[in-house]
Number of protein chains: 2
Amino acid sequence: MTDQEADSSAKRHPIEVVARRTGLSKDLLRAWERRHAAVDPARTDTGRRLYSDDDVERLRLLRQATAGGRNIGSIAGLPEGELSSLVREDLAAGNPSSEPEVDAKALEDRVVDCIDAIEAFDGERLRSILSRAMVQLSPTEFIDDLVAPLMRRMGELWVARQLNPGQEHLASSVVAATLQDVIGILHNPCPEAPEVIVATPAGQKHGIGAMLVAASAAAVGWRVTYLGADLPAEDIAEAARTRGAAAVALSVIYPPDDPDLPGEIVRIWNELPSDVEMVVGGASAPSYSQTIRAIGASLALDLEDLRSFLHRQASA
Amino acid sequence: MTDQEADSSAKRHPIEVVARRTGLSKDLLRAWERRHAAVDPARTDTGRRLYSDDDVERLRLLRQATAGGRNIGSIAGLPEGELSSLVREDLAAGNPSSEPEVDAKALEDRVVDCIDAIEAFDGERLRSILSRAMVQLSPTEFIDDLVAPLMRRMGELWVARQLNPGQEHLASSVVAATLQDVIGILHNPCPEAPEVIVATPAGQKHGIGAMLVAASAAAVGWRVTYLGADLPAEDIAEAARTRGAAAVALSVIYPPDDPDLPGEIVRIWNELPSDVEMVVGGASAPSYSQTIRAIGASLALDLEDLRSFLHRQASA
DNA sequence: CCTGAATTGTCTAACCGTTGTCGAGAGTTT
DNA sequence: AAACTCTCGACAACGGTTAGACAATTCAGG
């Protein structure tokens with residue numbers, strides 16, 4: 001991740017890759033450029049387009065804005081800032097309560113607020129904190145900087161016995177619902193966008209990590225089918241086949257030493273079509289790294305890792 | 001927030017966006033403009049409408065006012081200030097802006113559509129069917145006539161082995177998220193409204209029934225704290241005490257013959273303050289009716305039953 | 001109470017600008 | 001040679017516009 005520093009404006013991606021990453025067809029990319037100058041990619045000496053990461057990001061925003069009901073012609077010329085605020089406005093549109101008070105509250109404080117709400121069994125306050133943050137932050141920020149730290153903090157409190165099962169359940173269901181909303185909002189309707197099946201294998205009861213994975217995948221343009229926790233290998237594989245998925249992502253949180261899990265992972269792998277990739281992430285994933293490597297699947301140590309896996313697959 | 005250049009009177013939204021944000025049909029937007037000059041949007045050089053944020057706000061107010069029983073012709077010309085005070089009045093007068101319901105026929109079809117989506121592992125389609133229905137139907141109709149029949153049908157397919165665990169998980173998480181949304185939308189901010197704690201006792205793994213209970217309670221004006229499935233008695237009772245709840249609702253779906261459950265129910269009851277009522281519902285609730293009656297709790301045979309229980313408690 | 005007029009949300013028909021996609025023909029990369 | 005990519009032109013689908021019509025309500029006045 002360090003060797004990407006100033007390269008976000010470096011032009012290097014061919015059109016094929018950009019089409020996959022944005023979920024826009026190649027024809028459409030050319031049409032938007034020709035008719036509205038939506039982006040201005042560099043060219044090789046033979047005239048082939050080379051897009052930068054910034055271009056990709058911009059195109060993704062344009063896609064979201066058009067999905068939100070706007071005409072490409074009237075937004076193609078807008079600068080990044082306006083474009084992204086427009087998209088966020090549209091996302092927040094369902095929320096009729098326009099809050100005049102703008103809190104630029106630090107993210108750590110928001111985590112604390114969430115914990116407060118959870119301790120008071122106040123699901124409604126938790127929901128409102130999260131849904132406000134959801135529209136104020138970018139999806140990736142929301143997931144990485146708020147939801148993930150919150151889940152981590154909850155884990156700490158849980159082992160310290162300062163959170164009881166009721167509070168944990170309450171929080172989980174609210175967080176899960178919020179993340180489902182994120183996935184729904186980000187849903188990529190383009191049939192060419194690759195799809196990933198997200199689940200936790202049998203024996204793993206905690207679905208919330210998989211939910212984070214699902215939301216992260218949606219945030220980078222993938223279509224996502226979230227199956228949930230504790231699923232037998234055959235069912236995960238069947239879903240992948242039915243959906244024509246390009247990848248399967250498994251979340252493994254707890255326990256780190258399930259003797260049945262390696263077998264379960266291998267069974268999933270074996271039942272998958274050969275062109276479907278697999279990635280395993282979550283707190284306990286490294287404990288099973290031997291199995292994962294043995295079959296040729298990938299290991300994701302964190303969400304950033306997961307995103308780069310998805311990027312690699314999307315361009316492959 | 002620095003780039004709040006957003007001049008609220010800048011005309012920039014196409015009709016599609018405005019229709020989504022206000023919930024008014026495009027036809028209606030045009031009709032109100034033509035017949036009553038309710039708003040005066042700008043035009044592009046090719047004649048397309050462009051609305052400002054102010055226009056959107058105004059249309060929202062008009063919508064609320066008409067939902068409260070006013071007719072558009074007599075309020076379309078009013079200035080902003082009068083409009084908003086009018087709406088406030090109507091809300092204070094207890095006009096819950098009831099929606100007239102239209103479809104009774106298509107509900108069966110929608111259940112079938114949902115099942116189709118589930119069988120295809122198409123979570124996104126399921127979500128879109130449900131969320132469309134959510135805004136078209138009243139909350140109670142949505143729950144009673146769509147979600148509950150859907151869950152029943154899923155149960156049938158499950159026992160007939162025509163639904164696998166993956167499909168069941170997928171559907172559950174989407175339905176749960178949708179119901180959480182319903183609860184969020186219905187959330188009653190009035191601090192005097194009675195609150196109910198909803199959960200399923202330890203041993204009961206299926207939380208979706210409790211979710212239906214929670215949404216139903218929210219639909220009749222209660223504040224709801226949804227704790228989820230499989231919770232120890234102490235935690236349920238603690239939540240009730242912490243929240244100062246007026247009632248506890250338990251959902252009991254499966255199994256119907258858990259030898260530990262009666263004890264669990266009694267423990268909850270014993271740890272509850274004496275002024276907190278308790279109701280038990282769900283498919284298997286009648287199997288435990290002896291215990292329920294013995295301690296003086298109520299038994300709800302269906303959601304209608306539950307609602308009348310809540311009404312009794314609210315007026316008590 | 002009934003009846004005819006006004007109101008209101010929706011729908012159709014006809015038109016046209018906008019948009020996504022496709023094909024043809026030529027060049028480039030592997 | 002096969003697989004990409006390029007430009008340019010064409011085209012059908014889609015959405016937005018006006019104008020008019022329609023059924024269902026609402027309402028005033030007999």
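Atom set for the values below is all heavy atoms of this structure, side chains included, hydrogens, waters and symmetry mates excluded.
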Taking distance alone, no hydrogens or angles, what donor-acceptor pairs closer than 3.5 Å link side-chain atoms of residues 237-247 of chain A to residues at least two apart or in another chain?
from	atom 1	to	atom 2	distance (Å)
A:E238	OE1	B:N164	ND2	2.9
A:R241	NH1	A:E271	O	3.1
A:T242	OG1	A:E238	O	2.8
A:R243	NE	A:E195	OE2	2.9
A:R243	NH1	B:A120	O	3.2
A:R243	NH2	A:E195	OE1	3.3

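- For the side chain to side chain donor-acceptor pair (under 3.5 Å) test, residues two or more places apart in sequence or in another chain that qualify with B:N71 are B:S74.
- Among pairs with a residue in residues 64-73 of chain A, those fulfilling salt bridge (Lys or Arg N to Asp or Glu O under 4.0 Å) read A:R70-A:D90, at least two apart in sequence or across chains.
- For D:dA19, the OP1/OP2 oxygens have no side-chain nitrogen or oxygen of B:R34 closer than 4.0 Å.
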| remark: Contact string for nucleotides 22-29 of chain D, one letter per nucleotide 5' to 3', B = base within protein heavy-atom range under 4.0 Å, S = sugar-phosphate only, - = neither, reads --------
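- Summary of the strand contacts: B:D27 and A:D27 both lie near DNA chain D, and taking for each the nucleotide with the nearest heavy atom, the more 5' one is attributed to A:D27.
- Applying the salt bridge (charged side-chain N to carboxylate O under 4.0 Å, His left out) criterion to B:R125, with sequence neighbours excluded, gives B:D122.
- Under the side chain to side chain donor-acceptor pair (under 3.5 Å) criterion, A:Q180 pairs with B:R127, B:S173, sequence neighbours left out.
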| request: Step by step, work out the salt bridge (charged side-chain N to carboxylate O under 4.0 Å, His left out) result for A:R223 and B:E124. | output: CA-CA 9 Å; A:R223 282 156 59 219; B:E124 203 42 54; over 6 Å; no
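- Looking at residues 73-80 of chain A, you'll see A:G73 sit with a heavy atom under 4.0 Å from some atom of DNA chain C.
- Taking five base pairs at each end of the helix from C:dC1-D:dG30 to C:dT30-D:dA1, the local helix axes there meet at an angle of 40°, rounded to 10°.
- Within the structure, every pair that satisfies the salt bridge (Lys or Arg N to Asp or Glu O under 4.0 Å) test and touches residues 36-46 of chain B, not counting sequence neighbours, is listed here: B:E33-B:R43.
- Contacts with DNA chain D (heavy atom under 4.0 Å) in residues 44-51 of chain A: A:G47, A:R48, A:R49, listed by number.
- Residue contacts for B:S25: at a heavy-atom cut-off of 4.0 Å it reaches the sugar-phosphate backbone alone, with no base atom in range.
- Residues satisfying the salt bridge (charged side-chain N to carboxylate O under 4.0 Å, His left out) criterion with B:E82, sequence neighbours excluded, are absent altogether.
- Taking B:R30 as the reference, B:D27 meet the salt bridge (charged side-chain N to carboxylate O under 4.0 Å, His left out) condition, with sequence neighbours excluded.
- Note on A:H36: every side-chain N or O is 4.0 Å or more away from OP1 and OP2 of C:dT18.
- Here the side chain of B:W32 is nearest to one of C:dG9, C:dT21, D:dT17, namely C:dG9.
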